[in-house]
Amino acid sequence: MEKTYYERVYEVTQQVPYGRVTTYGAIADYLTLGAARMVGWALNKSFSSGEDVPAHRVVNRKGELSGRHHFPTPTLMEELLLQEGVRVEDNVIQDFKSVFWNPSEELV
DNA sequence: CGTTTGACGGTCC
DNA sequence: CGGACCGCCAAAC
């Protein structure tokens, strides 16, 4: 049973360190998916997959909480990030590059 | 089975 | 700096 591409997305997302975030594109590039859209789609499925995936640590390349609308509540994503010490303002992560976690470089 | 959509990204204007 | 457009690939319709 080979892992499907979205199962790999779950693994990478689960490995994102506390207080750090990554982008759809970074994951897509790390997994060589070729399409960042697939990451978002995979994470979307994660809700019904039963897996505990910290999808709130994944944002778009601008650091915007573009996926907040897919959470149980639109404010949950921002609150979770704030709890982890990530500065979020107007649905945008502040000092994004400082909390950005690149799997291609920091993940072995 | 052809068309539309989507938690994106990069380029172009 | 921001809006418009195209490309990515899989799933839903």
Side-chain angles (χ1 to χ4, degrees):
Chain A
M1 172 77 181
E2 294 182 20
K3 296 179 182 177
T4 51
Y5 73 90
Y6 54 84
E7 287 179 290
R8 288 193 273 171
V9 172
Y10 298 159
E11 290 184 37
V12 176
T13 306
Q14 289 170 355
Q15 290 174 67
V16 177
Y18 181 92
R20 291 289 201 82
V21 294
T22 189
T23 69
Y24 303 96
I27 295 174
D29 184 63
Y30 174 70
L31 299 178
T32 61
L33 297 179
R37 289 177 170 278
M38 305 295 76
V39 179
W41 178 82
L43 288 176
N44 184 221
K45 266 196 62 180
S46 74
F47 282 95
S48 55
S49 70
E51 305 260 340
D52 184 26
V53 182
H56 61 276
R57 291 179 183 158
V58 186
V59 296
N60 66 12
R61 88 168 192 96
K62 302 173 191 171
E64 298 176 313
L65 311 185
S66 52
R68 79 199 139 131
H69 236 303
H70 295 267
F71 281 76
T73 60
T75 55
L76 181 61
M77 188 174 187
E78 181 176 332
E79 300 218 0
L80 287 172
L81 290 172
L82 288 173
Q83 286 179 48
E84 299 188 357
V86 179
R87 286 177 294 159
V88 180
E89 193 173 303
D90 192 37
N91 301 313
V92 179
I93 296 179
Q94 304 300 303
D95 201 5
F96 180 55
K97 64 179 181 180
S98 296
V99 292
F100 175 63
W101 179 79
N102 190 334
S104 300
E105 296 180 359
E106 305 198 40
L107 192 63
V108 215

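Please read all numbers here as calculations on a predicted model, not as lab measurements. Convention: sequence-line order gives letters A, B, ...; per-chain numbering from 1.
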Q) Roughly how far, to the nearest 0.5 Å, is CG of A/N44 from CE of A/M38? A) 11.0 Å
Q | Touch class at under 4.0 angstrom, heavy-atom based, for A/A55 against every strand present | A | base
Q) Any luck finding a side-chain donor-acceptor pair between A/E7 and A/T4 under 3.5 Å? A) yes
Q | Transitive ILVMFWY side-chain link A/V86 to A/V92, under 4.5 Å | A | no
Q: Please work out if A/L33 contacts a base, only the sugar-phosphate, or nothing of the nucleic acid, heavy-atom cut-off 4.0 Å.
A: sugar-phosphate
Q: Calculate, to the nearest 0.5 Å, the distance between atoms CG and CZ belonging to A/L76 and A/R68 respectively.
A: 12.5 Å
Q. Looking at A/R68, does any N or O in its side chain come under 4.0 Å of the phosphate oxygens OP1/OP2 on B/dA7?
A. no
Q) Are A/L65 and A/I93 close enough that some pair of their side-chain heavy atoms sits under 4.5 Å apart? A) yes
Q: Over all heavy atoms of both residues, which pair between A/Y5 and A/L33 is shortest? Give the atoms and the distance, please.
A: CB-CD2, 3.7 Å
Q) Can you tell me how far P of B/dA7 sits from CG of A/L76, to the nearest Å? A) 17 Å
(Q) I want to confirm an ordering. Mapping A/W41 and A/A35 to their closest nucleotides on DNA chain C, which one lands closer to the 5' end? (A) A/A35
Q) How many Å lie between CE on A/M38 and P on B/dA7, as a whole number? A) 11 Å
Q | Spacing of A/N44 atom CG relative to B/dA7 atom P, expressed in whole Å | A | 7 Å
Q) Heavy atoms under 4.0 Å, any strand shown: does A/F71 hit a base, just sugar-phosphate, or nothing? A) base
**Q.** First and last nucleotide of DNA chain C, 5' to 3', lying under 4.0 Å from heavy atoms of chain A
**A.** C/dG7 to C/dA11
Q. For DNA chain C, whose closest nucleotide is more 5', that of A/K45 or that of A/G34?
A. A/G34
